[in-house]
Peer 1: 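Got a structure for you, questions after.
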Amino acid sequence: MEKFLVSRDKNGLVWFTINRPEKRNAIDYDVMDGLAKIINYVEENDSDKILIITGAGNKAFCSGGDLNAFHSLLTQEDAYKMLSKMGGILYKLLTLSKPTVALLNGVAIGGGCELATACDYRLGSTDGSVGFVQGRMGITTGWGGATMLLEKMPYENALQMLMSAEVFSAIDGYKKGFIHKVIGPDNLLGECEQFISKQIIHNINVLTAYKNVAIRKWQESNIKARMFEEIETCSHLWATKEHHTAVKEFLETKI
Ligand SMILES: CC[C@H](C(=O)O)C(=O)SCCNC(=O)CCNC(=O)[C@H](O)C(C)(C)COP(=O)(O)OP(=O)(O)OC[C@H]1O[C@@H](n2cnc3c(N)ncnc32)[C@H](O)[C@@H]1OP(=O)(O)O
């Protein structure tokens with residue numbers, strides 16, 4: 001089964017679907033490579049106007065990094081290589097000069113929330129939930145998610161989501177300003193298309209001009225360097241016994 005699916009329509013909508021529902025759409029290196037390719041392609045392809053990222057199935061948008069694929073990364077150096085690869089991809093997603101949407105078709109956990117944060121808009125199923133759970137595993141966000149979240153959300157709400165490592169309902173995620181619209185699970189795609197319809201009718205030059213205003217602000221404040229400082233911090237915590245034990249315990253409960 002393909003680990004990700006790409007489709008596009010005549011109106012310039014490009015859909016990227018993480019297609020690993022049996023693993024709650026966890027991100028491994030193949031999914032990373034697929035994301036990197038589609039971001040570059042949408043950037044370059046004039047007929048593409050908006051990138052929508054979602055997950056297959058109705059249980060999860062994305063459960064973050066694939067713990068099976070990454071649990072063997074024990075040293076700070078090995079962790080940094082993986083974390084910085086995805087951090088670079090999320091920086092490219094953040095600074096894509098076209099609008100982006102994370103359609104949260106279910107739970108978004110850990111790095112799944114970081115992926116969603118890199119998008120301009122987050123639309124969530126009322127059945128879903130969101131949680132920056134990294135703190136429970138003795139690490140911090142490892143793909144630049146905290147840096148981006150603190151740019152995009154009210155400070156105190158962003159800090160609470162990060163420090164509590166709690167899982168919040170979609171409604172609570174909406175009340176905190178992480179989710180922009182909550183949608184019933186039966187019409188996610190239709191509601192998503194309706195949400196963006198008023199924007200993508202306009203000339204792509206209008207859309208990219210507005211997006212570039214935000215990108216310039218982020219670049220002026222060295223957001224990329226700040227994301228990679230965050231990633232460096234996580235890579236050191238990744239190598240701790242607390243983190244390794246947490247991952248081992250998760251994987252053992254699944255055998
Ligand atoms: C890489 C770093 C990155 C970062 O922030 O820096 C991270 O994202 S760290 C990883 C953080 N993610 C997690 O800790 C999520 C772990 N998963 C869960 O908490 C649950 O699976 C949940 C809430 C996503 C879904 O719960 P549900 O009850 O619906 O499903 P199951 O737990 O029974 O899982 C079903 C199936 O999926 C596999 N699975 C789920 N998450 C992952 C994952 N992140 N990596 C690998 N595999 C995952 C789980 O093992 C089950 O597989 P099975 O073969 O059926 O046992």
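All residue numbers refer to positions in the sequence shown, counting from 1.
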Peer 1: Under 3.5 Å, side chain of K176 to main-chain N/O of I171, donor-acceptor pair present?
Peer 2: no
Peer 1: Taking D48 first and then R8, would you say they form a salt bridge - that is, a charged N and a carboxylate O separated by under 4.0 Å?
Peer 2: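 Salt bridge: yes.
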Peer 1: Locate the shortest heavy-atom distance separating L96 from I215; write the atom from each residue and the value.
Peer 2: O-CD1, 3.8 Å
Peer 1: Would you say W238's side chain and L73's backbone share a donor-acceptor pair under 3.5 angstrom?
Peer 2: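 Yes; at least one donor-acceptor contact below 3.5 Å.
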Peer 1: Would you please indicate yes or no on a ring centroid separation below 6.0 angstrom for F168 and F132?
Peer 2: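 Between F168 and F132, which both carry aromatic rings, the centre distance is not below 6.0 Å.
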Peer 1: Would you please name every residue forming a salt bridge (charged side-chain N to carboxylate O under 4.0 Å, His left out) with D66, sequence neighbours left out?
Peer 2: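 D66 satisfies salt bridge (charged side-chain N to carboxylate O under 4.0 Å, His left out) with R20 only.
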Peer 1: The criterion is salt bridge (charged side-chain N to carboxylate O under 4.0 Å, His left out); which residues satisfy it with K37, sequence neighbours excluded?
Peer 2: none
Peer 1: Treating K49 as the side-chain partner and H202 as the backbone partner, does any N or O pair qualify as donor plus acceptor under 3.5 Å?
Peer 2: yes
Peer 1: I'd like to check the side-chain hydrogen bond (donor to acceptor under 3.5 Å, both in side chains) partners of Y174; sequence neighbours left out, ordered by chain and number.
Peer 2: none
Peer 1: Determine whether a donor-acceptor pair (N or O, by modelled atom type, separation under 3.5 Å) exists between the side chain of R24 and the backbone of C62.
Peer 2: no
Peer 1: Any luck finding a side-chain donor-acceptor pair between R226 and S221 under 3.5 Å?
Peer 2: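 Yes, S221 and R226 have a side-chain donor paired with an acceptor closer than 3.5 Å.
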Peer 1: Using a cut-off of 6.0 Å, state whether more than 12 heavy atoms not belonging to Y29 lie near its atom OH.
Peer 2: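 Above 12, so yes.
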